[in-house]
Protein chains: 2
Amino acid sequence: MVTPGRRRVTIADVASHAQVSVTAVSKVIRNAYGVSPAMRERVKNAIDELGYRPQVVARGMRGRTFTIGLMLPHIRNPFFADILDGLTEYLQSTDYQAFMIQGGATRKVESRAVDALMDRQVDGIIMVAPLASKARLEEVAKEKPTVVLARHERSSYYDSVHDDDEAGAELVVNHLIALGHRRIAHITHQDDSHARPSDLLHNIRAATYERVMREHGLADEIAVAKSFHHERGGYEGARELLSRSPRPTAIFAGADQAALGALAAVHEAGLAVPVDVSVAGYDNTHLGALPYIALTSVDQDGAVMGRAAGQLLLERVEGRMSAVRFTVTPSLVVRGSTGEAA
Amino acid sequence: MVTPGRRRVTIADVASHAQVSVTAVSKVIRNAYGVSPAMRERVKNAIDELGYRPQVVARGMRGRTFTIGLMLPHIRNPFFADILDGLTEYLQSTDYQAFMIQGGATRKVESRAVDALMDRQVDGIIMVAPLASKARLEEVAKEKPTVVLARHERSSYYDSVHDDDEAGAELVVNHLIALGHRRIAHITHQDDSHARPSDLLHNIRAATYERVMREHGLADEIAVAKSFHHERGGYEGARELLSRSPRPTAIFAGADQAALGALAAVHEAGLAVPVDVSVAGYDNTHLGALPYIALTSVDQDGAVMGRAAGQLLLERVEGRMSAVRFTVTPSLVVRGSTGEAA
DNA sequence: GAGGATTTGGGTAACGGTATCCATGTTTCT
DNA sequence: AGAAACATGGATACCGTTACCCAAATCCTC
C-alpha cells in the first residue's frame, strides 16, 4: 500500500532488503555481466517484494532514459494515429516508451517542443512532418538520434521515412484523367516551413499534379488553391475553386482532411459527388472509408511507417551512424467520390 | 554551432564563463532570492552566450521537472484534440510542458503508461477517461498531483473535470422524443474498466437514456446495443439495431465517433437520414459539423475542459490538497441528422 | 560607533542511479 | 602444484542540478 507522500523505493532499499550491494542490484536491472543466477533471483525477488521501479531521471544522468520523443504537428489527423499505433506496437517488445509532443503550426512552437524533448534527455527523436529547416533538423540529429517522417530531403545525419508522394499524386491525377476529367483542380497546403519547398510532401504532390496535367496536354487547366490540409482549409479551397468559371469537374485535395472539407463545399454549392464534381484525397484515413463519404484516396501505410521509424531510431540509439531512407509505395483506393466526367 | 557529440553546456560552464559560482547561476535560473540585479544580468548574458538550457533530468533529481503527463486513451477522437489544445494554450503562459502518452484499450497497457509517467518524475498527471479503478487512481494521486477527466466519482485525492453527461444525454433523448420518436435506440460502449460502472460517462449516458425513456412511458421501446465508441463500433451497433423488427426510428449514439459509424450502417441499409432514421451523437466534433454529415450532437467544450485541467493540476503542484470538481454544462446542437419521426 | 539585521555570494551535500575499477574466490591448464 | 584465466560481488566517483548552509559586506538603529 502506498501511503501519502511516502518516499519512493530506491535501488538502495532493494539492496539492503536483499542484503547485497547497490552494484549488484544495478547489474541485475541493466542485465549486465557479472551476476550469478542465484544473485539475479535474489535481487529480482527483492525488487518484486518492494515494488521497485527505477527512476528514469536518475538513470538519465548517466545512461539512457528509455524514452523516445515523438513530435506530431497536431493530433487531429487520423493518419498520425496510424503512425503512432505502428510505433507503439513496435516499441512494445522493447524497453522504450514513446512520448508525444505537439509541434503546432509554427516553427517557433515546434522548435520549443523539440527543445523540450532534448532537455528531457530522450534517447531519440522522431519528427513527423516538421517545419524546421534541414539545417535545424541536422542540428538536432547531431545531438540525438533522429528519424524524420514525411520529408524528402536526404541527410547523412538522420534517417528518413516517407511515402513516394510523387507516385501517389500521379496515381490520383492519372485516375481522374482516365475517367475523362480535364478540369482537374488541386488543393494544396501553405506552410510556415523553412525547408526547401521541394522537400515537403504537399509541394511534391502539387508539383506532380502540375507535371502530370502538363504531360497530358492539360497545362491550361491547371488550377491550384493554396489553402491548408485541414477541413476548413479544404472547404475554403474548394469554395474558391468551385467559384471559378468554368468550374472544375474534379478536385484532388492533397490530404483527406482537406478532401472532407472539399466535399462540404461541393455539397453546399448544391452539386453532387461524383456526378457534378469528383473529389479525391490522400492518406486513406478511416473516415474516407465510411460509405456515405466513400472517398477515393491514396493509401500509404501509416502503421508500417511508424514501425519503421521506431526500428530505425533504435538502431541509431544502438550506435548506427549511417543514414537510412525508408520509402513506402502508395496505392490508389478508388471509391465512390470519383466518377466519369460529366 | 553544435559539433557532433559535443557535451551539452552545463550550469558549471555558465558559472565559469560568467566568473561566478554555480550557486549563483542556479539562483538566477530558479528566480530564487539572493542575487543582485547586476549578478542576474551577468548570469543571463552568460546563459545566452553559451545557449545554456537546464537539463531537466538533473533538475528532476532534486526538484521539479516542469513536465506534466497527459494520458489519452488514444488520439483518434478529435474531441481529445480539443482538450489538448485547451491544455497547451493554458500551459503556454507557464514553465510547464505537456507530454502525451497513449493509454490504449486495456487496463494493463494504461497502467504501464501511467507508470512510465511516474517513473519519469512528471510533476503532475492528467488522465483522460482512464479505465483504472478508483483505488488505482487514488494510489497514483497519492504519489503525484493528479487530475482526472471524464470520470464522475468524487475523490478527495484528485481533481475531476467532466461534463454533466446526464444533462447531455437528457437533451438528446428529449429532443428525439419531441420530434415524435418512440423507438429510440442507443449505442453504448463496453469497456475494460474497473471503475464503478456508474462513474463512467458512457454508462451515465446509457442509464440516462433508459431513465428518460421510462419517464416518457417508453420503457418497452428501450433498445441498447452494447458496442464501442468508435466508428466500427457504431457501425456494428447500428447494424444490429436496424436488424431488429420493428426497427428504431432514431439512434442515439453515445459518441460522435460511433454516430459516424451508425450513419454508415443506416446508409448501407438503404435508409435515409433523417427521413427513415434519425441519428444523434455526443461530443460535437468538427466532423459532425460538415454539412453532408450534419450530425445532431451534444457540445461539451473540450478546450475549456483542457484548460481547467491544466489550471487545477498546477494548483495542486503548487500545494493545494483539497479536491476540486469542475463540471461543464453541455448544450444540444441540432443539425440535419435528426428530424420528425416518420 | 557598536550591535544587529539584511543583503549578497558561494561551498557543498544530497538526489538515485550507472559504470569503472578492484578484490576475492574458483576453475582450468600445464 | 602453481599460474593464469575467469566468475562474482562490491566500493565509489560521477552525472547536473537544487537548496541548505555559512561568511562577508553593507546598512540601519539607537
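Letters A, B, ... are given to chains in the order of the sequence lines, protein chains preceding strands, and every chain is numbered from 1. Just so it is clear, the values below take in all heavy atoms, side chains as well, and ignore hydrogens, waters and symmetry mates. Given the structure is predicted, the values throughout are model-derived calculations rather than measurements.
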> So A:Phe99 and B:Phe99, would you call those rings parallel, tilted or perpendicular, with 30° and 60° as cut-offs?
Replying inline: perpendicular
Nucleotide [N], atom [atom2] - distance to [atom1] of [X] in whole Å:
X        : N      : atom1 : atom2 : answer
A:Leu50  : C:dG16 : CG    : P     : 14 Å
A:Asp13  : C:dG17 : CG    : C1'   : 13 Å
A:Arg120 : D:dT17 : CZ    : P     : 13 Å
A:Gln121 : C:dG16 : CD    : C1'   : 15 Å
B:Arg30  : C:dG10 : CZ    : P     : 14 Å
A:Asp95  : C:dT18 : CG    : C1'   : 16 Å
A:Gln19  : D:dG10 : CD    : P     : 11 Å

>> Does a side-chain N or O of A:Thr23 approach OP1 or OP2 of D:dG10 to a distance below 4.0 Å, or not?
In response: no
> Reckon A:Ser26 has a side-chain N or O less than 4.0 Å from the OP1 or OP2 of C:dG17?
Replying inline: no
> Among A:Arg59, A:Arg8, A:Gln55, which residue meets the side-chain hydrogen bond (donor to acceptor under 3.5 Å, both in side chains) test with B:Asp119?
Replying inline: A:Arg8
Would you tell me whether [X] and [Y] have side-chain atoms, one donor and one acceptor, within less than 3.5 Å of each other?
X        : Y        : result
B:Arg107 : B:His194 : yes
B:Thr67  : B:Arg120 : no
A:Gln121 : A:Thr65  : no

Between [X] and [Y], is any pair of side-chain heavy atoms under 4.5 Å apart?
X        : Y        : result
B:Val317 : B:Arg64  : yes
B:Ile68  : B:Ile126 : yes
B:Glu153 : B:Tyr158 : yes

Between protein and nucleotides 5-8 of chain D, what N or O pairs are separated by less than 3.5 Å?
{"unit_1": "D:dA7", "atom_1": "OP2", "unit_2": "A:Tyr33", "atom_2": "OH", "d": "2.6"}

> Counting any heavy atom closer than 4.0 Å, what does B:Val20 reach on the DNA or RNA strands: base, sugar-phosphate only, or nothing?
Replying inline: sugar-phosphate
For nucleotides 13-16 of chain D, print each protein N/O atom paired with a nucleotide N/O atom at under 3.5 Å, atom names and distance only.
{"unit_1": "D:dC14", "atom_1": "O2", "unit_2": "A:Arg62", "atom_2": "NH1", "d": "3.1"}

Side-chain atoms of residues 321-328 of chain A: list all donor-acceptor pairs with protein atoms under 3.5 Å, sequence neighbours left out, distances to 0.1 Å.
{"unit_1": "A:Arg325", "atom_1": "NH1", "unit_2": "A:His152", "atom_2": "O", "d": "3.2"}
{"unit_1": "A:Arg325", "atom_1": "NH2", "unit_2": "A:His162", "atom_2": "NE2", "d": "3.3"}

